[in-house]
Enquirer: 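Could you have a look at this structure, given as structure tokens, before my questions?
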Amino acid sequence: MNDEPLVRWDWILRNWDNGSPSAIRTLLENHVVMAFLPVVFGLLIALPLGLACMRWRWLYQPTAGLMNVTYSLPSLVLFSIFLSVTGLSQSTVILPLTFFTLAVLIPAVVDGLTSVPDHVRQSAVAMGFRPLRRLLQVELPVAVPVVLAGLRVATVSSISLVSVGALIGQGGLGNLFIDGWQRQFYTPIVVGIALIVLLAVLSDGLLVLAQRLLTPWSRARRTA
Amino acid sequence: MNWLIDFFGDAANWSGPDGIPARLLEHLEFSAAAFLIAALVAVPLGMLIGHTGRGALLVVISANAARALPTLGLLVLVVLLIGVGTVLPVLVPLVVLAIPPILVNTYEGVRGVDPDLRDAAYGMGLRGYQVLFRTLTPVALPLILLGLRLAAIQVVSTATVAAFVGLGGLGRFIIDGLATKSYSSVIGGAVLIAALALAVQLGFTLLNRAVVSPGVRQVR
């Protein structure tokens, strides 16, 4: 406990873009890279894996079980284990977070595709859609709301989990927490929390917007 | 592999205040305390909100906030603000982060009970609280347990990170190991915590089998 004010604005101004690797702007950029790449990779892997689980149903139980187990591991544990493989690099954060993203997205893709009503699928078949076109133009669009719900959870968690990486020296904005702790200085900690929450709210808003653009019919039905 | 042998084979790691048994016990103590406090707050609150429908917004906000708030930042800030040295300041963020998953799932569970079932219970002459405890709670139990499981995992995970701000527990092996570049300690600690997390997961699976009514399980 000390008399330090919660926020020193002049510190923020001086450290926003001072050219050093610990400038707030640089940390923010690193944070964005380490938070979003896992989500992108996760989505790219989860889509084909989810489709595979739909085609071969026996695959789903073991996959879901494995993902459940992964998800229960603390992020610091996975970071530590990857540390011995990938060393002190951004991959040590990005790879484990990709697994966390997968644990959320694979069930989302499978649930989304399962949520496509049978009559919709049959109509597509009756209209002469071949499987690939049916998937791309009918099934995936109908699955969008469920998949995006998963994507929102994965994105927000990823943004906040990156900061734990600071403990292994790769935490983006999380480095501000270590800095603030070591110097008993509130401002960097408050800045870090604020920017992370802001980033999460902003990304979540963008995904909601994306969902509105991708599923225009859901709005049409509500206004009709 | 050699790291694991180094870590688990070292007799010094098995005794004393920073040995594996003592650290494990610490980890379990903090986690259990935080988990119990969170459950005592969140389960009744979630049931109440789900039953009355009042305060649903609070549930949504808490769920989103808990996901977005960085654990490490919260820990560091709270401990610096309240004061270093005692257990209480670390317990606060542990409890705060454990509440939302329990609250959300309890609320969703009670809310999601088939309205016909609820009406039938009222029709049979049960009073409000009887409907809640005899009808809604058993049906909502799988989701309540899911919330408790997620919270327990969250607590074990946050308690690991809390080693950084001076809490004991298994996280110390990772944090101290990183500080002294002793990777056998880092990996050994990671493996121990992973085992603990999996044990929690398994425990809840078994609990689920034991307490959820077979009738409810069949529907799912």
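Every chain is numbered from 1, with letters handed out A, B, ... down the list of sequences.
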Enquirer: Identify which of A/I168, A/V201, A/V153 forms the greatest number of heavy-atom pairs closer than 4.5 Å to chain B.
Expert: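 If we count pairs closer than 4.5 Å to chain B, A/V153 comes out on top.
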Enquirer: I want to check something: taking the side chain as every heavy atom from C-beta on, are B/L77 and A/F177 in contact at a cut-off of under 4.5 Å?
Expert: no
Enquirer: Within this structure, what is the CZ-CG distance for the pair A/F185 and B/L80, rounded to the nearest 0.5 Å?
Expert: 11.5 Å
Enquirer: As an exercise: rank B/V186, B/I193, B/I174 by heavy-atom pairs under 4.5 Å with chain A and give me the winner.
Expert: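 Answer, by heavy-atom pair count under 4.5 Å with chain A: B/I174.
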Enquirer: Between B/P70, B/S157, B/A197, who has the most heavy-atom pairs with chain A when the cutoff is under 4.5 Å?
Expert: B/P70
Enquirer: Could you tell me the separation between the CZ atom of A/F79 and the CG atom of B/L178, rounded to the nearest 0.5 Å?
Expert: 12.0 Å
Enquirer: Is there a donor-acceptor contact under 3.5 Å from the side chain of A/S80 to the main chain of B/I187?
Expert: no
Enquirer: Just so I understand: if I count every heavy-atom pair under 4.5 Å between each of A/I178, A/V190, A/L78 and chain B, which residue has the most?
Expert: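 Heavy-atom pair counts peak at A/I178.
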Enquirer: What I'd like to find out is whether the side chain of A/S72 reaches to under 4.5 Å of the side chain of B/V200, using heavy atoms alone.
Expert: no
Enquirer: Specify the closest pair of heavy atoms between A/A166 and B/L72, including all atoms of both residues, with the distance to one decimal.
Expert: CB-CD2, 4.2 Å
Enquirer: Rounded to the nearest 0.5 Å, what separation is found between the OG1 atom of A/T155 and the CZ atom of B/R67?
Expert: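 Here the rounded value is 10.5 Å.
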Enquirer: CG of B/L198 to CG of A/L73: how many Å apart, nearest 0.5 Å?
Expert: 5.5 Å
Enquirer: Side-chain contact test, heavy atoms from C-beta onward, threshold under 4.5 Å: evaluate it for A/S160 versus B/T71 and give yes or no.
Expert: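 SC-SC contact between A/S160 and B/T71 ruled out.
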Enquirer: Are A/Y71 and B/I153 side-chain neighbours, meaning at least one heavy-atom pair lies under 4.5 Å?
Expert: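 No; the side chains remain at least 4.5 Å from each other.
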Enquirer: Go through B/A68, B/G171, B/A66 and name the one with the most non-hydrogen pairs under 4.5 angstrom from chain A.
Expert: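 Ranked by contacts with chain A, first place is B/A68.
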Enquirer: When rounded to the nearest 0.5 angstrom, what is the spacing between CG in A/L167 and OG1 in B/T160?
Expert: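 Answer for the CG-OG1 pair, A/L167 versus B/T160, is 10.5 Å.
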Enquirer: Calculate, to the nearest 0.5 Å, the distance between atoms CG and OG1 belonging to A/N68 and B/T205 respectively.
Expert: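 These two atoms lie 8.0 Å from each other.
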Enquirer: For B/A190 and A/I81, which heavy atoms make the closest approach, and how far apart are they?
Expert: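 Nearest pair, atom of B/A190 first, then A/I81: CB-CG1, 3.9 Å.
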Enquirer: Is A/L83 in contact with chain B via its backbone, its side chain, both, or neither, using a 4.5 Å heavy-atom distance?
Expert: side chain
Enquirer: Count the heavy atoms of every other residue, nucleotide or ligand shown that sit under 6.0 Å from CZ of A/R57, and state whether that count exceeds 12.
Expert: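 Enclosed.
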Enquirer: Please classify the contact between A/I159 and chain B as side chain, backbone, both or neither, with a heavy-atom cut-off of under 4.5 Å.
Expert: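 For A/I159, neither part sits under 4.5 Å from chain B.
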